[in-house]
Novice: 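Mind looking over this structure? Questions follow.
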Number of protein chains: 2
Amino acid sequence: MEKIAIQDLYPEDLSYCYGCGRLNEHGHRIKSYWEGDKTVARFTPESYHIAIPGYVYGGLIASLIDCHGTGTAALAVQRYGEDKNASREAARFVTASLKVDFIKPTPLGPELQLQGEILEMKGRKVISEIKVIAEGKVTAIGKVVAVQIQKGLTDTNN
Amino acid sequence: MEKIAIQDLYPEDLSYCYGCGRLNEHGHRIKSYWEGDKTVARFTPESYHIAIPGYVYGGLIASLIDCHGTGTAALAVQRYGEDKNASREAARFVTASLKVDFIKPTPLGPELQLQGEILEMKGRKVISEIKVIAEGKVTAIGKVVAVQIQKGLTDTNN
């Protein structure tokens, strides 16, 4: 049986995100899953996702952290949320803030693994830590504050 | 006379960055300039740079902040650096850390303005604040810690 990513359960009208929307044919279409108590996504950058020769563009790394962070938040609601059985559609989050520490240059070529942990769930907010791992080494660590979208409300500043 | 962006002065081998390299034909190729005491870049997202309907993808916003942050650092060295007359090539920075607060959703359609201010210059490090402005309103605020590349040394963790 093929695994179902959380992004496969996003409502259709909220599935066009450049980073993780399954319906955005120009985008990265990342897929986030639970693996044990971590959330995981994998992505292999293209050769043009370059920063300086040999290394991955930091903006791409920030983008992947961002989208895996909102995916991780949705996965957290799926597993731990109060209404986790109420709907087959996933909760949809936007990013309120994003912090990325680039620990060391990320080599361009190998597949990157994004590994997420839930730091906090409170009300509509989920805070996660997302590690970027290349060839077994952590190259960047992100912290994502994600806020669940309420219908008709897209302001994240609350 | 056409204005010269700081990215036009990056060394050729360091001009392939997906965000700001003038030689990356797949990338954003942003251009950063001084305008008074602010650094400025402009970028109009494509229709597929979408997050949720009507709004710009946060990963793109983070990417633009990242690259205008390293551009702002290079502009700072150009204007204030000790060896500002020593070379016509611009200093080249990589990002050590990036923080983005998404203040409100950024409308998808209008041109975005990135406006940078230097917060600190110390040794090889330049810290800047980058605002993203759409239709006259600040929609995101970033803080970029950029570290100047030394030849043969690409580790940012120092």
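Worth saying up front: this structure is predicted, and the values here are computed from it rather than measured. Computed from heavy atoms alone, side chains included, the values below leave out hydrogens, waters and symmetry copies.
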Novice: Side chain, backbone, both or neither: which part of B/Asn24 has an atom under 4.5 Å from a heavy atom of chain A?
Specialist: side chain
Novice: Any link between A/Leu75 and A/Met121 through a network of hydrophobic side chains (Ile, Leu, Val, Met, Phe, Trp, Tyr) touching at under 4.5 Å?
Specialist: yes
Novice: Among A/Asp13, A/Val100, A/Asp66, which has the most heavy-atom pairs under 4.5 Å with chain B?
Specialist: A/Val100
Novice: Taking all heavy atoms of B/Tyr16 and all of A/Ile50, pick out the closest pair and write down the distance.
Specialist: O-CG2, 2.8 Å
Novice: Let me check something: do A/Tyr48 and B/Leu64 share a hydrophobic cluster, defined by ILVMFWY side-chain heavy atoms less than 4.5 Å apart, either directly or through other members?
Specialist: yes
Novice: Is it the side chain or the backbone of B/Tyr18 that comes within 4.5 Å of chain A heavy atoms, both, or neither?
Specialist: both
Novice: With a 4.5 angstrom heavy-atom cut-off, which part of B/Ala51 approaches chain A: side chain, backbone, both or neither?
Specialist: backbone
Novice: Between chain A and each of B/Gly27, B/Ser97, B/Ser15, count heavy-atom pairs under 4.5 Å; write down the option with the most.
Specialist: B/Ser97
Novice: Under a 4.5 Å side-chain heavy-atom rule over Ile, Leu, Val, Met, Phe, Trp and Tyr, are A/Ile130 and A/Leu119 clustered together?
Specialist: no
Novice: If you measure from CD1 on A/Ile65 to CG on B/Leu98, what distance do you get to the nearest 0.5 Å?
Specialist: 9.0 Å
Novice: Does B/Ile30 share a hydrophobic cluster with A/Val56, counting links as ILVMFWY side-chain heavy atoms below 4.5 Å and allowing steps through other members?
Specialist: yes
Novice: Please report the interatomic distance SG(A/Cys17) to NE2(B/His49), rounded to the nearest 0.5 Å.
Specialist: 11.0 Å
Novice: Can you check whether B/Leu14 reaches A/Pro53 side chain to side chain, under 4.5 Å on heavy atoms?
Specialist: yes
Novice: Count the heavy atoms belonging to other residues, nucleotides or ligands that lie under 6.0 Å from NZ of B/Lys99, then report whether that count exceeds 12.
Specialist: yes
Novice: So which heavy atom on A/Ser63 is nearest to which on B/Gly59, and how close?
Specialist: OG-O, 3.3 Å
Novice: Counting heavy-atom pairs closer than 4.5 Å to chain A, which one of B/Gly21, B/Gly19, B/Cys20, B/Ala62 comes out on top?
Specialist: B/Gly19
Novice: State plainly whether one hydrophobic cluster holds both B/Trp34 and B/Tyr10, where clusters connect Ile, Leu, Val, Met, Phe, Trp and Tyr through side-chain heavy atoms under 4.5 angstrom apart.
Specialist: yes
